[in-house]
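Here is the structure we will look at.
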Amino acid sequence: MSRRKYLQIPGPTNIPDRVLRSLAQPIISHRGPEFEQLVADCIEGLKKVYRTENDILILPSSGSGALESAIVNLFSPGDTIAAASLGVFSERVALIAERHGLNVIRITKEWGQAIKPPEIAQVLADDRGHKIKAVCLPQNETTSGVANDLKAISQTIKETGHPALIMVDAVSSLACMPLETDAWGIDIVVSGSQKGLMLPPGLGIVSVSPKAWTLIEQSTMPKWYWDYQIIKDRLKTNQFPYTPPTSIFFGLKEALAIIEEEGLENVFARHKQIAEAVRNSSKAMGLELFAEQGYESNSVTVICLPQNVKYEDLERLLYEKYGLVIGGGLQKLQGQIFRIGHLGLIHNTDVYAIMCAVEAALVELGYQVELGTAARAISETFLPI
Ligand SMILES: Cc1ncc(COP(=O)(O)O)c(C=O)c1O
């Protein structure tokens, strides 16, 4: 059957029809007025989603490329940063930094745990010589389904009086959960197109504060394609130093319009309620959540696999019988957990389809749960009580 699958991995996400149609427009010149206007509109819309007056740079890259771009622009070999390491993606930032000759002070947490403000405050307090140039952390660690309390963390960092910049990976949290770039004083926010923004993969997006620009001007790291100063210069006329993926910009403008029509606060509230329904139905079925209680993500839920259920069997059954695509465990979590992405284009009704299919597939694989448990827990979450 050619019907679309339920793509419930934590990105790339499902794309609204309006966005899909806009992506199909004829190619335009990347040096013409039509594209320049499109870029200007996209940057204006992104500023609203980022809640910032800072510069917004758009890069033809995936999220990892955008993260690497931040490292090569902000720092010089030999610089020191503090980096949270709580899963594959936060550890990736630390690895990228090391590859570029930085000293990385890792703040390591067991996967599934969130990083807490006092842990960062301690590292900064120990750095009496103010060698640490930035604190890097993810808002949402997609590996473990943990959302850090970015507001509290940024406030604590400010209170220490340490001059380190704050660099946040918001690849799987932008347009899913509250992020106040300016109000919380986040210097660098890195994200991508294929998650909360409901677009195909292909764009990295970075916001850069005035304080970050000061560091960027001092950076001796070699670069050209990623050079923020070159990119910013060309963006003055809404152009790029190279050929950008023009078609995605049509989609970006449309996706930003969809978000604006719904209202950012409503987008966050929808993600929150849907995440609660996924968690409640999982727990009602006797399944264990992997993320630390109180720090569960609103964009992805990580569920421990019941004993005797193999991930491959669950994945195949869900795909073949229910048209549902789920995510598996990464690295050491392979075979231990499964991940349900519920970010971007998702409606309350989808949760019934997703979680009832999970319930039926688990029962078929020998797990014992009364049929209808998931649906009941979902309705109880959605009903006014
Ligand atoms: C939090 C986070 N950071 C970084 C990345 C890497 O992004 P990409 O796969 O687009 O390079 C991902 C991808 O899932 C992610 O979830």
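Read the numbers this way: they start at 1 and go in the same order the structure lists the ligands and their atoms. We number each residue from 1, following the sequence as shown. Only heavy atoms go into these numbers, but all of them, side chains included; no hydrogens, no water, no symmetry mates.
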(request) Report the distance from atom CG of L324 to atom CD of E315, rounding to the nearest 0.5 Å. (result) 10.0 Å

(message) Between L57 and Y225, is there shared hydrophobic-cluster membership here, with clusters defined by ILVMFWY side-chain heavy atoms closer than 4.5 Å?
(response) yes

(request) Output the list of atoms in ligand 1 that are nearer than 4.0 Å to some heavy atom of Q194, sorted by atom number. (result) 8 (P), 10 (O)

(message) Taking 4.0 angstrom as the limit and counting only heavy atoms of T142, give me the atoms of ligand 1 inside it, by number and element.
(response) 1 (C), 2 (C), 15 (C), 16 (O)

(message) Between K48 and L264, is there a side-chain heavy-atom distance shorter than 4.5 Å?
(response) no

(request) Output the list of atoms in ligand 1 that are nearer than 4.0 Å to some heavy atom of R92, sorted by atom number. (result) 6 (C)

(message) Against S209, only a single residue in T52, D55, D187, N54 fulfils side-chain hydrogen bond (donor to acceptor under 3.5 Å, both in side chains); can you say which?
(response) D187

(message) Among all the protein's non-hydrogen atoms, which is closest to atom 5 (C) of ligand 1, and how far away is it?
(response) F89 CD2, 3.3 Å

(message) Any donor-acceptor pair under 3.5 Å linking the side-chain atoms of Q229 with those of D233?
(response) no

(request) For residues H342 and H271, establish whether the separation of their ring centroids is below 6.0 Å. (result) no

(request) Give the residue and atom name of whichever protein heavy atom lies nearest to atom 3 (N) of ligand 1, and the separation in Å to one decimal. (result) D169 OD2, 2.5 Å

(request) Check each atom of ligand 1 against the heavy atoms of S172 and keep those under 4.0 Å away; list them by number with element. (result) 1 (C), 16 (O)

(request) Side-chain contact test, heavy atoms from C-beta onward, threshold under 4.5 Å: evaluate it for N73 versus D227 and give yes or no. (result) yes

(request) Could you see which bit of S64 sits under 4.0 Å from ligand 1, with heavy atoms only: side chain, backbone, both or neither? (result) both

(message) For E141, state whether at least one heavy atom is located under 4.0 Å from any atom of ligand 1.
(response) no

(message) I'd like to check which ligand 1 atoms, numbered from 1 as shown, lie under 4.0 Å from a non-hydrogen atom of N140.
(response) 1 (C)

(request) Any atoms of ligand 1 less than 4.0 Å from a non-hydrogen atom of G63? List them with their elements. (result) 7 (O), 8 (P), 10 (O), 11 (O)

(request) Report yes if some N/O of K195 lies less than 3.5 Å from some N/O of ligand 1; otherwise report no. (result) yes

(message) Angle between ring planes, W224 versus Y242, binned at 30° and 60°: parallel, tilted or perpendicular?
(response) perpendicular

